[in-house]
2 protein chains.
Amino acid sequence: MRYAKDVSDVEEPEPSLASRLRLAVVRLNRRLRAQRTDSSVTLTQISALSCLYNWGPLTPGELAAKEGVQPPSMTRVIAALEEHGFVTRRPHPTDGRQAIVEVTDEGRRFVRAEVCARERWLDQRLAALDTEERAVLTRAAEIIDRMAGQ
Amino acid sequence: MRYAKDVSDVEEPEPSLASRLRLAVVRLNRRLRAQRTDSSVTLTQISALSCLYNWGPLTPGELAAKEGVQPPSMTRVIAALEEHGFVTRRPHPTDGRQAIVEVTDEGRRFVRAEVCARERWLDQRLAALDTEERAVLTRAAEIIDRMAGQ
DNA sequence: GCAGATCGTGAGGTACGCTAAGGATGTGTC
DNA sequence: GACACATCCTTAGCGTACCTCACGATCTGC
């Protein structure tokens with residue numbers, strides 16, 4: 001059921017793309033966070049770990065920038081990942097202020113194994129789509145990442 | 001920079017669609033939440049209000065189900081929206097346990113006006129895309145919503 | 001009536017962002 | 001060399017948003 005709209009309201013006959021995209025993203029994000037595995041690694045930590053996995057060693061500041069969060073937020077994520085043994089921190093060779101965060105072998109194993117397991121829910125949903133729909137989502141992921149990234 | 005992969009690891013030469021979609025959604029969601037307007041209405045509240053706007057009066061339980069959250073979480077959202085005067089609660093005509101939550105005229109005005117203003121950031125980003133990319137996102141929003149919805 | 005199911009709510013906990021402020025290190029200027 | 005200033009990371013504190021567990025009120029079947 002939808003509320004009747006003014007006859008004069010013709011410039012927006014249905015929810016805008018922004019509205020629909022926002023709702024879709026918020027909803028999917030909630031579902032993704034709700035997928036708890038027994039492991040105590042959170043979605044935010046996985047996201048940062050994947051970033052390090054894909055980009056190689058980074059400083060905390062660089063990692064925060066790539067993830068689009070403020071440096072203080074990343075500090076806690078790195079600390080949790082370090083406690084899990086998934087990343088290590090070593091001093092920067094030339095700049096004593098900075099540090100280098102790097103994925104450990106165990107972290108790489110985790111990315112390749114646990115992460116996939118964690119994404120089982122999403123994988124199942126994606127598997128239920130047809131090829132063309134998956135192609136749409138693949139392109140959408142690129143576009144969204146470009147839009148939100150940086 | 002990417003870590004070299006095992007030669008034998010050919011079944012997944014790049015991050016899976018699930019991985020990329022998850023990263024894109026998490027990142028965009030963070031950006032959306034970071035868009036604070038002066039109004040004190042949060043993204044979660046807007047999402048629920050939009051749902052009521054589109055579907056008509058619902059009980060708290062139905063609303064929670066549509067948004068994909070647990071009923072206790074929705075209780076607080078409804079209370080906040082009621083405090084803003086955007087929704088009203090009236091008793092269920094036949095079932096004393098339930099309640100009916102409905103958008104007020106002010107709430108409808110808010111959805112049509114303030115929500116769009118709040119989405120200015122996303123609108124600007126979307127405007128920078130070309131027609132074909134927006135079409136991809138429109139379809140993707142439908143697909144994601146169907147995947148995450150219910 | 002009364003037991004059990006259902007619905008909404010209250011309480012408490014965790015995750016995850018933010019801003020503000022502090023401490024350590026680098027850098028430019030005199 | 002010493003000082004002022006910038007930069008980087010971290011700590012502290014706050015707010016939002018979700019969860020689970022537990023409770024009271026109400027409906028339903030016997």
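Here is the naming used below: chain letters follow the sequence lines, and residue numbers restart at 1 for every chain.
Between B:T44 and D:dA17, a side-chain N or O to OP1/OP2 separation shorter than 4.0 Å is present. One finds no side-chain N or O of B:T75 lying less than 4.0 angstrom from the OP1 or OP2 phosphate oxygen of C:dG10. Remark: B:R30 is not in phosphate contact with D:dT16, judged by side-chain N or O atoms under 4.0 Å from OP1 or OP2. Applying the 4.0 Å criterion to OP1 and OP2 of C:dC7, one finds that B:T59 has every side-chain N and O outside that range. For B:R97, no side-chain nitrogen or oxygen approaches OP1 or OP2 of C:dT6 to under 4.0 Å. Between B:S73 and D:dC18, a side-chain N or O to OP1/OP2 separation shorter than 4.0 Å is absent. Residue B:R33 places at least one side-chain N or O under 4.0 Å from the OP1 or OP2 atom of D:dA17.
Nearest-nucleotide mapping onto DNA chain C: of A:D95 and A:R76, the residue sitting toward the 5' end is A:R76.
Taking atom CE of A:M74 as the reference point, atom C1' of C:dC18 lies 14 Å away to the nearest angstrom. Put simply, CZ on A:R89 is 15 Å from P on C:dA24, counting in whole angstrom units. Distance B:Q45 CD to D:dT16 P: 9 Å, rounded to the nearest Å. One can place CG of A:L43 at 10 Å from C1' of C:dA15, the figure rounded to the nearest angstrom. Whole-Å rounding puts the A:Q98 CD to D:dC9 P distance at 5 Å. In this entry the distance linking CG of A:L32 with P of C:dC16 reads 13 Å, nearest Å. The distance from atom CG of B:L81 to atom P of D:dT16 is 14 Å, rounded to the nearest whole Å. Atom CD1 in A:I100 sits about 13 Å away from atom C1' in D:dC9, given to the nearest Å.
If you check every strand for non-hydrogen atoms under 4.0 Å, B:P60 touches sugar and phosphate atoms only. Within the nucleic acid shown, B:P71 comes within 4.0 Å of at least one base atom, counting heavy atoms only. Residue contacts shown for A:T94 are limited to sugar-phosphate atoms, with no base heavy atom under 4.0 Å away.
With C:dC16, D:dT16, C:dA11 as the choices, the nucleotide that has an atom nearest any side-chain atom of B:T42 turns out to be D:dT16. Ranking D:dA17, C:dC16, C:dC18 by closeness to the A:Q70 side chain, first place goes to C:dC18.
Taken together through direct or relayed side-chain contacts under 4.5 Å among Ile, Leu, Val, Met, Phe, Trp and Tyr, A:I46 and A:V101 form part of one hydrophobic cluster. With hydrophobic clusters built from ILVMFWY side chains whose heavy atoms lie under 4.5 angstrom apart, B:L63 shares a cluster with B:W55. Residues A:V25 and A:L17 share a hydrophobic cluster, clusters being chains of Ile/Leu/Val/Met/Phe/Trp/Tyr side chains in contact below 4.5 Å.
Checked for salt-bridge contact, A:D145 and B:R27 meet the test: a charged N lies under 4.0 Å from a carboxylate O.
Taking 4.5 Å as the limit, some side-chain heavy atom of B:R139 sits within range of a side-chain heavy atom of A:E132.
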*So B:R31 and B:W121, side chain to side chain contact (heavy atoms under 4.5 Å, CB included) or not? Walk me through it.*
CA-CA 9 Å; B:R31 289 302 176 100; B:W121 176 84; 3.5 Å; yes

